[in-house]
**Q** 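Structure below; questions to follow.
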Amino acid sequence: MATATDTRLLGKSIKRREDPRFITGRGSYTDDLKLPGMTYAAFVRSPHAHAKIGKIDLTQAKAHPGVVAIFTGKDLTGVNSLPCGWLLPELKVPPHPPLAVDTARYVGDPVAVVIAETQDAALDAAEKVKVDWNVRPAVTATAKAAEKGASQIHEVAPANVAFKWQIGDAAAVDAAFKTAAVTVKKHIVNQRLVANAMEPRACVARFDAATGDLTLWVTSQNPHVHRLLMTAFVLGIPEHKVRVIAPDVGGGFGSKIFLYNEETVCSWATRQIKRPIRWTSTRREAFQTDAHGRDHVTDAELALSRDGKILGLRVKTIANLGAYLSTFAPAVPTYLYGTLLNGVYEMGAIHCDVTGVFTNTTPVDAYRGAGRPEAAYLVERMIEVAAVALKMDVAEIRKKNFIPKFEHGYQTKVALTYDSGNYAAAFDKLLGMLDYRKIREEQAAARKQGKLIGVGFSTYIEACSIAPSKVVGSLGAQAGLYESGIVRVHPTGKITVFTGSHSHGQGHETTFSQLVADELGVPMEDVEIVHGDTGAIAFGMGTYGSRSASVGGTAIHMSIHKIKEKGKKIAAHLLEASPGDMEYVNGQFQVKGFPGKAVPFGQVALTAYVPHNYPEGLEPGLEETSFYDPSNFCFPFGAHACVVEVDRDTGHVKLLRYVAVDDVGNVINPMIVDGMVHGGIAQGVGQALWEGAVYEDDGQLVTGTMMDYALPKADMLPMYETERTVTPTPVNPLGIKGAGETGTIAATPAVVNAVVDALRPLGVDHIETMPLTPERVWKTIKAAKAGR
Amino acid sequence: MYPAAFEYHAPASVADALKLLGKLDDAKILAGGHSLIPMMKLRLAQPKHLIDLRKVAGLTGIKEDKGMIAIGAMTTHWEVESSKVLKSKCPVVSETAAMIGDPAVRNKGTIGGSLAHGDPAADMPATVIALGAEFVCQGKKKRTVKVDDWFKGIMETALGEDELLVEIRVPALAKGTGAAYLKFPHPASRFAVVGVAAVVTLDKEGKCTKAGVGVTGAGTHAVRAKGVEAALSGKKLDAAAIEAAAAKAADGVDVQADLQGSEEYKAHLCRVFAKRAIEAAVKRAHA
């Protein structure tokens, strides 16, 4: 184990300290929890995508052995609608009852909960609940939701339109298109995805009738947000009498940010039956009810000069929000999407128009990347379409348009100010790793033999370290997006850190202890990280949007700074020196330049708690709290490339190489960042080639099991070749940009661009819809041949 | 997900299993469980009784028997995959087994369970059709069913309600014979979107004296591609002959469109994989 006495810990690939318990099956997940008197919940869900709820007959179900209680929507008196936490101007916010009362609006919409002594009794009894369904026509297709004659889903939202939103300068874009030498236009379908965290959602709700305290264990990425939304907005119970614990959580990818029906219902019901209730989602329920991602249908147009400079980008998107507004749904296809359309390029003008629509499908919300993958996909697809139209090399057109290197701010055409960037450098590094010239030669030779080899790029940017509270507040967020970090030094010099970030796979217990150990010069083993418990942590906004290291880490860094400042006063007192002459070096407080005149960290800690010989007026104790609210987003970027071979007989795409250069600013633990990049690439490739939630017209989810929904598997992916460039952000003192979503954002366009490039000799310059299933590719080949 | 309640039986002999099968109402045979249990967990199947053949004596093992290889119905895919007898006498059966599911599935799932279940996208049906296998069924009497009479429809086989499939018999490959099974796997389930097995016997001049071709995945059940076999028979199997024969691979297949492919695409895949499987089989026959 490396210690900080000899060398810095930052930048070292230290093995994850949480992994031994995870890989030996000793993690402690919500479903592992056993409480005396536990009961089990099963939800009765709508089998129809759109149906009026008639009489609900509970006679048989109630008679089932072991049933404790059954509640329907009508029983939930005093329970409010599940809230929407991000409001847009004129957003239509329809009621979202935790149990549907009059109408079910998607397959899986819960209408009743059965609580029983055992899980199987609950499931068996749930099957005996008889509901008179009056089935209504459903609408599921994104592009059809707002069409005339489409079934009306919510009274408050005529034509199923939730919002119309725009950003950019329409007049400037119109002008750019008038003067452009070349324009290209494409229809782009960014399909719906299912998050599929390894651990399904689960909760245990326990009401203690003696104290009036409610404890909720829940698979949450942000337990404080869960508590706030549930207590203040839905259940109307006092926040300080509720404790929310998110223990070990097995993945989220965004889907565990949101306040869902099930934990709300269980939290209400435990107060009625005065016994703890556990609910664990089945995988089938997860497919039907975990918030889905993406689902955009877009028309995009790019205007360019003859020499390939981007003059204008015009985007019209319909975003499918599903049946209800999930917690942060309105933000995803607007402020997390339209604001990223500038990409890494200088653009003359941009205008983006988004219509959010309701459909009879599972609600859609943030899924790894959330809006930014949709933007990057569009920009990176369109620039390659433009290159084809201009007969330019796809690397050349990028180089021609890159925003030049900058260190302190670049104002985009769509509201954001990028922090720092050196886009050409990352791309040049990628081209070197790829041996770009050679690969084009090999491609040309392979084409002569009739092989379809393609090379695709993605030079992406994203916004993370979410986010400056003032900015997001002005954009409709109903919450701040700072983070808290408490550093508690114990009398023995051991340290407990309380962070508002939440690890559900990210490795915070390692990364944060590495940060603290590095900054304080103490062994990592002396640092404990506590997260995921509203009873222990002051407040926290949680983990999503690649914010933990940059926002949560900075809050911890600030508290460490305060600890050092206080420690200097204590040490100066002990050394009879002036605090202003003190410095903190190698785990000791010393008089500047005099390592021999020093007090070790542990002695200062002990003195703080046994303050017999102590500075006048200084409070005892050594614990500091910080809330860090970033001044801007951070903007990681990078360049990815994919090489594919397409089987012209079957349309099957084989990945030959995947090369990535990411710039996430400074890195605490390279191995953990690599891991996140690797996983992200797999998910991005998954969207490009395999994944897709498919609904029948009647609203049944036909890709609703692991046998139907194709997640990436190890044998479907090549060995990745990954590198980094480092452009620290000036936004936070750690220089960290964020790394959690880069792979997902970058990979999808790189793969699709590679497939399209493979089909170039056939005259193909675009494939409208992902995933690029073999049949879709085969039909593209066939149509291209027929068109010749 | 929890299945609905059921009663579990684990008889020790074929006779006892048959007795239970005759006596119990709404009983299903459990022979590995990699199709039945998932359906029960989704509550798409809710049998009242499960009769597990795991403990029945004499249903496992692979042995040579008068030019045939007899495979006990409860032999796992893994045992089939790794069988020395099969690898030397009829390797295509081992190769096919190796392409089923993943190691967990192959360690539990059985050849008899799969063939009695008759999943339209299972791998082994194509191979046993191409080989001309026989199915030994035990009811009140023992009877042998030829593979051409076995697959009847979606998850429908010739196995009687009061019968157990006890043995599958495949021929040892004759001299000059090559065989191959190739498939286009479903990206999620790894079942065959289309799978084609080809068995060809060549004489000294390289002419095809015998051909067997089975197609799985595309239709309601695996079928023999009779048109392909006829087109191969008596021909010298050069590229043109193979191509022409493979072009008939979807004839007689009741192609079912689904998310993995339209009728047109799946029929096309039948032809592509027939060509590839025949090419591979011919190459081996020459070797």
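Just so it is clear, the structure is predicted and the values come from calculations on it, not from any experiment. In what follows, every chain begins at residue 1, and chains take the letters A, B, ... in the order their sequences are listed.
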**Q** With a 4.5 angstrom heavy-atom cut-off, which part of A:Pro712 approaches chain B: side chain, backbone, both or neither?
**A**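 Neither part.
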**Q** Enumerate the inter-chain donor-acceptor pairs under 3.5 Å for chain B and chain A, one line per pair.
**A**
residue: B:Arg43; atom: NH1; partner: A:Asp124; partner atom: OD1; Å: 2.7
residue: B:Arg43; atom: NH1; partner: A:Glu127; partner atom: OE1; Å: 3.4
residue: B:Arg43; atom: NH2; partner: A:Asp124; partner atom: OD1; Å: 2.9
residue: B:Pro187; atom: O; partner: A:Lys713; partner atom: NZ; Å: 3.2
residue: B:Ala188; atom: O; partner: A:Lys713; partner atom: NZ; Å: 3.1
residue: B:Arg190; atom: NH1; partner: A:Asp715; partner atom: OD2; Å: 2.9
residue: B:Arg190; atom: NH2; partner: A:Asp715; partner atom: OD1; Å: 2.9
residue: B:Ser262; atom: N; partner: A:Glu775; partner atom: OE1; Å: 3.3
residue: B:Ser262; atom: N; partner: A:Glu775; partner atom: OE2; Å: 2.9
residue: B:Ser262; atom: OG; partner: A:Glu775; partner atom: OE2; Å: 2.5
residue: B:Glu264; atom: OE2; partner: A:Lys782; partner atom: NZ; Å: 2.3
residue: B:Tyr265; atom: OH; partner: A:Thr650; partner atom: O; Å: 2.5
residue: B:His268; atom: NE2; partner: A:Asp649; partner atom: O; Å: 2.6
residue: B:His268; atom: NE2; partner: A:Trp778; partner atom: NE1; Å: 3.0
residue: B:Arg276; atom: NH1; partner: A:Asp647; partner atom: OD2; Å: 3.1
residue: B:Arg276; atom: NH2; partner: A:Asp647; partner atom: OD1; Å: 3.1
residue: B:Arg276; atom: NH2; partner: A:Asp647; partner atom: OD2; Å: 2.9
residue: B:Arg276; atom: NH2; partner: A:Asp649; partner atom: OD2; Å: 3.4

**Q** Please report the closest heavy-atom contact between B:Ala188 and A:Ala710, naming both atoms and the distance.
**A**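 What the structure gives for the nearest pair is CB-CA, 3.6 Å.
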